[in-house]
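Ligands are counted one by one from 1 in listed order, and the atoms in each one are counted from 1 as well. Computed from heavy atoms alone, side chains included, the values below leave out hydrogens, waters and symmetry copies.
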Amino acid sequence: MGVRSMLACAAADVAHWGLSSVLRRGGGNIPGVIALKLDPGIIADLAAGLDGSIVVTGTNGKTTTNGLIADGLAAAGFDVVCNRAGNNMQTGIAAAMVAGRRGGATSGKKASRGRFGAFECDELYTVRVLPQLKPRALVLLNLFRDQLDRYGEIDHTQEVIAEALRRSPQTTLIYNADDPLCAAVAARVDNPSLGFGIDEPTGLEADRVSDSRFCAMCNAPLDYEYVHYGQLGKYRCPKCGWSRPELTYAARDVELRCGNQGGYSWDVCGPDGFRRRVKTRYNGLYMVFNVTAVAAALEFAGAGTDALDEVISRYEPAGGRMKTWHALGRDVVSNLAKNPAGFDRMISEVRAAGGRLMAFFLNDNDADGHDISWIWDVDFEKLCELDLQRVFVGGTRRNDLQVRLKYAGINAQLIDGIEDAVRGCFGADASLPLHSVANYTVFPQVTADLKRLDGTERPEGTRAAIAPKARVNLGCYADASIRAEQLGRPLRIVHLYPDALNLYGDGGNIASLRQRCEWRGIPVHVDRVLMGEALDLSDADVVLLGGGADRDQLAVCKELLAQKEKLTAYVESDGALLAICGGYQLLGRFYMMGDERVEGLAVIGAETRSGDGRMIHNVAIDSPVASSPIVGFENHGGRTYLDDGEKPLGTPLVAGTGNNEFDVGEGVLHKGVVGTYFHGPILPKNPQVADWLIAHALRRRGIETELPALDDSYEDAAHDVALAIVKRG
Ligand code: GLN
């Protein structure tokens, strides 16, 4: 080790000592920040002192998988250096390495098989960590939409990981071959790679939204023999033949809920006849993927899997995840989920447990992502089959959750913290557990409260706070004034290509239109038109085109151009059309993605070119369509320029947001067309825009009427929170 790295380590040691002994804090990233400042090459320097290392990355499951790999290595006799607490950026890894060097030197324990690193790494930091660390293996668990306001689009994350691997060519990629997005990374690089996955259908329900089911080679829609969840499953491209790569490590004979406590068991099958039955006491298919990845990594590292069962049964998830507490006389289960895939997994667990009492928490701090539109991609509707008794929502964006749940038919009560929820449940059967799911920065608050309350009984004589029944009456409002006979046939809403354009909560716009019609007694019918299906817009009343990543847009472009006449005729005949982000761009003449030209429908006078970086903001506009500003979130690389004569949908409250950095306009308002960069999704939080579209559609059918008012108190509250965020800046 050079003088520079010795100095860096010494300074980091002092910082660590100061933080832990004087300030009584763990230190977290700070020693790493200091070490990297003094020696930017510290990771490479300290890597020389390791006999090898494994890095774990991917959207969900990093902490658990890495913790299990570390335990497996330790059980096999390695001295392990690990960033267990989940500080997974470059600084967290540097801090763990500095501490690991110190721990090993002072523990006096003689490691029998050498010193090994096990590090979880944030996806975007792989490109900084891998070239220095040069790990033996990178485990890539999955890639789901997550904090897109930080990551951009998933394509970008894939490219960052691929670049990290190119800069560490000896690293073997151990990847989830069931995830086409991970397999696409493997296909892009020359590194040695081996795939893992589940080699049979598991018969569980697929999720509503998937993060791309397009071929990584030719962009045609993939065919699936079976889907586990999201985009994970056994896929094949009907056009070019690209298919799920061979599984070097495969989960087979998966048995769901095998013990009386639940839990899954399966065989991990590997090369040279390797076959080992493993069992977890945790439910969830994601555990099958995670543990299969652990087995693959341990076998690959030469640590073997003899101790795996013991390691799994001893494993305590970090920081209170999947933990049951006993607070004020009730069992409370605490879980963490940060994105739609994670939330959907938690919801399927709550359903399997027959949950009746629930609390959801949503924060929008930096580490959570400022854009919370993704809650509309979570399948809360699946909770409706349960006999729900109480549902609570907390966190900085609890109002948004309240609106989201309202459209799933669930009336949730606002709370300040988990204790309110526990108290709100006093009236319910004491044997029923309360299930809580919280995202990143609010989760520690939930567990801190539960830790404080753990072991307490309900104080005698305390009564339940008044909690409304969890169900919302989704029937008609009494003063519904538009009669079915006036309309002749139901309003027909057409959702175009939800299988391809669904980047952020577009389903929320459909839910809003449908519910606002139903609440008013307006008969309504929603048609989903998928890629490759015949399109008939002759009796359409409202058409919705959602947002999409560049790659998805490319896939949709041809499909849409083949329908060009139909859409043009629809728009010309004054049809109502809501086009979001990617869908909005496709209405113009073209979208230049760098050098690649994506033809548009040319139904509006506009063109889109790529710009410098992405425009990512909470946004609000003044618009003639609504009496209060329309609020939402923008995240786009394309910059749209309207022709003279085209009117924008509105004027941004904050300069530099909207269609591009230069014009003072956002979106387009062209006949019945509302084009916009707002997801949010725009309609639930801006009910006036939804009503504008409904009224426009009715007028086109010859019904000129004032739409009856609805109770929008939840929607208005969420709107006001979003507007305050924009105004605060
Ligand atoms: N892919 C497009 C862009 O980045 C649209 C993104 C979106 O739909 N939000 O500009």
Item to check | Closest contact, heavy atoms only, Met531 versus Tyr497 | outcome: N-CD2, 3.6 Å
Item to check | Option passing side chain to side chain contact (heavy atoms under 4.5 Å, CB included) with Asn439 (candidates Leu336, Asn363, Asp364) | outcome: Asn363
Checklist entry - Aromatic ring centroids of Tyr504 and Trp376 under 6.0 Å? => result no
Checklist entry - Between Glu715 and Tyr407, is any side-chain donor less than 3.5 angstrom from a side-chain acceptor? => result yes
Next on the checklist: Less than 3.5 Å apart, any donor N or O on the side chain of Ser538 or Asp536 sitting next to an acceptor on the other?
Outcome noted: yes
Next on the checklist: Just by distance, no angles: are the side chains of Asn502 and Arg145 close enough, under 3.5 Å, to form a donor-acceptor pair?
Outcome noted: yes
Measure and list all N/O to N/O distances between ligand 1 and the protein that fall under 3.5 angstrom.
residue	atom	partner	partner atom	Å
ligand 1	1 (N)	Glu153	OE2	2.9
ligand 1	1 (N)	Gly548	O	3.0
ligand 1	1 (N)	Asp550	N	3.4
ligand 1	1 (N)	Asp550	OD1	2.6
ligand 1	1 (N)	Gln553	OE1	2.7
ligand 1	4 (O)	Glu153	OE2	3.1
ligand 1	4 (O)	Arg614	NH1	3.4
ligand 1	4 (O)	Arg614	NH2	3.1
ligand 1	4 (O)	Gly637	N	2.9
ligand 1	8 (O)	Gly548	N	3.0
ligand 1	8 (O)	Gly548	O	3.3
ligand 1	8 (O)	Gly582	N	2.9
ligand 1	9 (N)	Asn635	O	3.0
ligand 1	10 (O)	Gln585	NE2	2.9
ligand 1	10 (O)	Tyr591	OH	3.3
ligand 1	10 (O)	Gly637	N	3.0
ligand 1	10 (O)	Gly638	N	2.7

